[in-house]
Undergrad: 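Below you will find the structure I want to go over with you.
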There are 2 protein chains.
Amino acid sequence: MKQISTRFSMAVHTLSLIDMCPLECTGDFIAASVNTNPVVIRRIMGMLKKAGLIEVRAGVGGAYLLKEPGQITLLDIYRAVHAADENQLFGIHDNSNIACQVGRNIEQVLQQELRDAQNAMEQRLARTTLDQLNKQLAEI
Amino acid sequence: MKQISTRFSMAVHTLSLIDMCPLECTGDFIAASVNTNPVVIRRIMGMLKKAGLIEVRAGVGGAYLLKEPGQITLLDIYRAVHAADENQLFGIHDNSNIACQVGRNIEQVLQQELRDAQNAMEQRLARTTLDQLNKQLAEI
DNA sequence: CCGGGTAGTAACTATACTGGTTACAACGGT
DNA sequence: ACCGTTGTAACCAGTATAGTTACTACCCGG
């Protein structure tokens with residue numbers, strides 16, 4: 001497979017910066033730290049804004065968090081940038097042949113198993129907050 | 001993101017069938033149950049073969065498991081079909097600006113967090129065997 | 001030993017997501 | 001009013017996916 005889009009890691013990077021220095025955080029400034037094109041960052045900021053994580057100061061530039069950094073988890077960010085389509089990490093083939101016992105039931109059974117696996121991952125993401133992350137960044 | 005390829009779920013489907021009726025399991029037969037093109041199945045069987053999960057009977061057709069179904073986990077199958085690139089589910093942007101504290105350390109910190117999340121998912125996959133899955137399929 | 005059915009691939013296609021890029025209109029403080 | 005910024009739209013190249021056609025290699029039964 002392709003990997004989960006780097007949009008997610010760039011979004012985390014972006015929020016870290018906004019937490020540390022909201023006023024400086026124009027799209028260009030963040031793009032310089034992430035080392036990418038400002039438009040890519042603006043697109044991500046748009047998603048973070050739509051998810052209610054940040055407020056962007058149109059015209060003047062900069063952005064600030066709408067929640068405490070201790071209340072923003074990696075899972076929130078993951079969801080905000082649509083890291084997984086329809087919140088469903090695993091794709092499952094459909095229209096299996098119902099004349100076959102396996103074909104008839106595989107989708108339902110797999111759906112549950114894979115949902116569990118996805119949940120395990122997401123719960124791990126939910127355990128880490130932006131706050132904790134920024135503390136780790138400072139400690140190195 | 002795009003979801004994890006349906007190649008994974010098709011591979012599980014394929015192995016379920018092989019476990020139940022190895023002799024019947026030609027590419028065409030499996031393709032009819034999965035409802036896709038036989039070549040797609042043959043490609044997947046090639047990957048399962050390369051991973052040492054099955055042996056395919058060239059010429060005559062059919063395939064059989066090389067391990068007990070209780071010894072084949074969803075994680076084995078997931079890995080066999082290269083569901084994630086380089087065994088790394090999350091893509092992380094690189095070449096961040098090292099002049100910035102966040103840019104300098106984000107990759108290392110995120111790497112660890114995301115690896116943990118990935119592991120949580122994989123360990124859940126590792127807990128389910130083909131055997132258990134087939135029992136579930138039969139119980140419905 | 002040969003014919004029929006099968007595996008194993010190569011090659012091509014359409015579709016879709018990604019990350020980057022240019023361009024431009026709307027906005028807002030100084 | 002100016003200038004830097006945001007918010008988008010449009011486009012591009014690269015790549016993964018899933019399906020399809022076509023061909024060779026292989027094995028068994030007759």
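Protein chains get the first letters and strands the later ones, always in sequence-line order, with residue 1 at the start of each.
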Undergrad: Using a distance-only test with no angle check, is there a side-chain donor-acceptor pair under 3.5 angstrom linking B:S16 and B:D19?
TA: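 No - no donor-acceptor pair under 3.5 Å links their side chains.
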Undergrad: OP1, OP2 of C:dT18 versus side-chain N and O of A:T6: anything below 4.0 Å?
TA: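 No, because none of the side-chain N or O atoms of A:T6 sits under 4.0 Å from OP1 or OP2 of C:dT18.
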Undergrad: Taking DNA chain D as the partner, which of residues 90-104 of chain B come within under 4.0 angstrom of it by heavy atom?
TA: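 By residue number: none to list.
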Undergrad: Would you mind listing every side chain to side chain donor-acceptor pair (under 3.5 Å) that reaches into residues 26-39 of chain A, with sequence neighbours excluded?
TA: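 Every pair satisfying side chain to side chain donor-acceptor pair (under 3.5 Å) with a residue in residues 26-39 of chain A: A:H13-A:S33.
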Undergrad: Is the B:Y78 ring parallel, tilted or perpendicular to the B:F8 ring (thresholds 30°, 60°)?
TA: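 Geometry flag for B:F8 against B:Y78: perpendicular rings.
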Undergrad: Under 4.0 Å, counting only non-hydrogen atoms across every strand here, what does B:G46 touch: a base, just sugar-phosphate, or nothing?
TA: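 B:G46: no heavy atom of the nucleic acid under 4.0 Å.
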Undergrad: To the nearest Å, give me how far apart CD (A:E24) and C1' (D:dT5) are.
TA: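 Rounding to the nearest Å, CD of A:E24 and C1' of D:dT5 are 15 Å apart.
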Undergrad: Tell me whether B:V39 shares a hydrophobic cluster with B:M47, the cluster being built from Ile, Leu, Val, Met, Phe, Trp, Tyr side chains joined at under 4.5 Å.
TA: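 No, no single cluster joins them.
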Undergrad: Please report the distance, rounded to the nearest Å, between CD1 in B:I44 and C1' in C:dT9.
TA: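 Checked: the CD1 to C1' distance equals 15 Å.
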Undergrad: Taking the side chain as every heavy atom from C-beta outward, state whether B:M20 and A:V102 have any atom pair closer than 4.5 Å.
TA: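 In contact.
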Undergrad: Could you write out each protein N or O paired with an N or O of nucleotides 12-17 of chain C at a distance under 3.5 Å?
TA:
none

Undergrad: With sequence neighbours left out, which residue pairs that include part of residues 115-139 of chain A fulfil the salt bridge (charged side-chain N to carboxylate O under 4.0 Å, His left out) condition?
TA: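 For residues 115-139 of chain A, and leaving out neighbouring residues, the salt bridge (charged side-chain N to carboxylate O under 4.0 Å, His left out) pairs sorted by first residue read A:R79-A:E122, A:D116-B:R124, A:R124-B:E113, A:R124-B:D116, A:D131-A:K135.
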Undergrad: Which whole-number value in Å describes the distance from B:E55 CD to D:dC26 P?
TA: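 That distance rounds to 15 Å.
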Undergrad: To the nearest Å, give me how far apart NE2 (B:H82) and P (D:dA18) are.
TA: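 From B:H82 NE2 to D:dA18 P: 15 Å.
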Undergrad: Quick one: are B:V109 and B:I106 in side-chain contact, heavy atoms under 4.5 Å?
TA: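 Counting from C-beta outward, B:V109 and B:I106 never come under 4.5 Å.
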Undergrad: Could you state the atom-to-atom distance from CD1 of A:I41 to P of D:dT5 in whole Å?
TA: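 Roughly 15 Å, once rounded to whole Å.
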Undergrad: What is the distance from CG of B:N35 to C1' of D:dA18, rounded to the nearest Å?
TA: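 Roughly 13 Å, once rounded to whole Å.
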Undergrad: What is the separation between atom CZ on A:F8 and atom P on C:dG19, rounded to the nearest whole Å?
TA: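 Distance, rounded to whole Å: 13 Å.
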Undergrad: Go through the structure and list residues passing ring pair (Phe, Tyr, Trp, His ring centres under 6.0 Å) with B:F29, not counting sequence neighbours.
TA: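 In terms of ring pair (Phe, Tyr, Trp, His ring centres under 6.0 Å), with neighbours along the sequence ignored, B:F29 is linked to no residue.
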Undergrad: Is a donor from one side chain sitting under 3.5 angstrom from an acceptor on the other, for A:Q123 and A:Q118?
TA: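 No pair is found: no donor N or O on one side chain lies under 3.5 Å from an acceptor on the other.
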Undergrad: More than 12 heavy atoms of other residues, nucleotides or ligands under 6.0 Å from CD of A:E68: yes or no?
TA: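 Not buried by this count: 12 neighbours or fewer within 6.0 Å.
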Undergrad: State, with a plain yes or no, whether a side-chain heavy atom of B:V34 is found less than 4.5 Å away from one of B:I41.
TA: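 Result yes, sub-4.5 Å side-chain heavy-atom pair found.
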Undergrad: Figure out the CD/C1' separation between B:Q3 and D:dT17, and round it to whole Å.
TA: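 After rounding, the reported distance stands at 12 Å.
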Undergrad: With the sugar-phosphate defined as primed atoms, P, OP1 and OP2, and the base as all remaining atoms, what B/S/- string results for nucleotides 22-30 of chain C, 5' to 3', for protein heavy atoms under 4.0 Å?
TA: BB---BS--
Undergrad: Less than 4.5 Å apart, any side-chain heavy atom of B:L15 and any of B:I77?
TA: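 A side-chain contact under 4.5 Å exists here.
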Undergrad: Report yes if a side-chain nitrogen or oxygen of A:K49 is closer than 4.0 Å to either non-bridging phosphate oxygen (OP1 or OP2) of D:dT6; otherwise report no.
TA: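 No, A:K49 has no side-chain N/O under 4.0 Å of OP1/OP2 on D:dT6.
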Undergrad: If only side-chain N and O atoms of B:T36 are considered, is one of them under 4.0 Å from the OP1 or OP2 phosphate oxygen of D:dA18?
TA: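 No, B:T36 has no side-chain N/O under 4.0 Å of OP1/OP2 on D:dA18.
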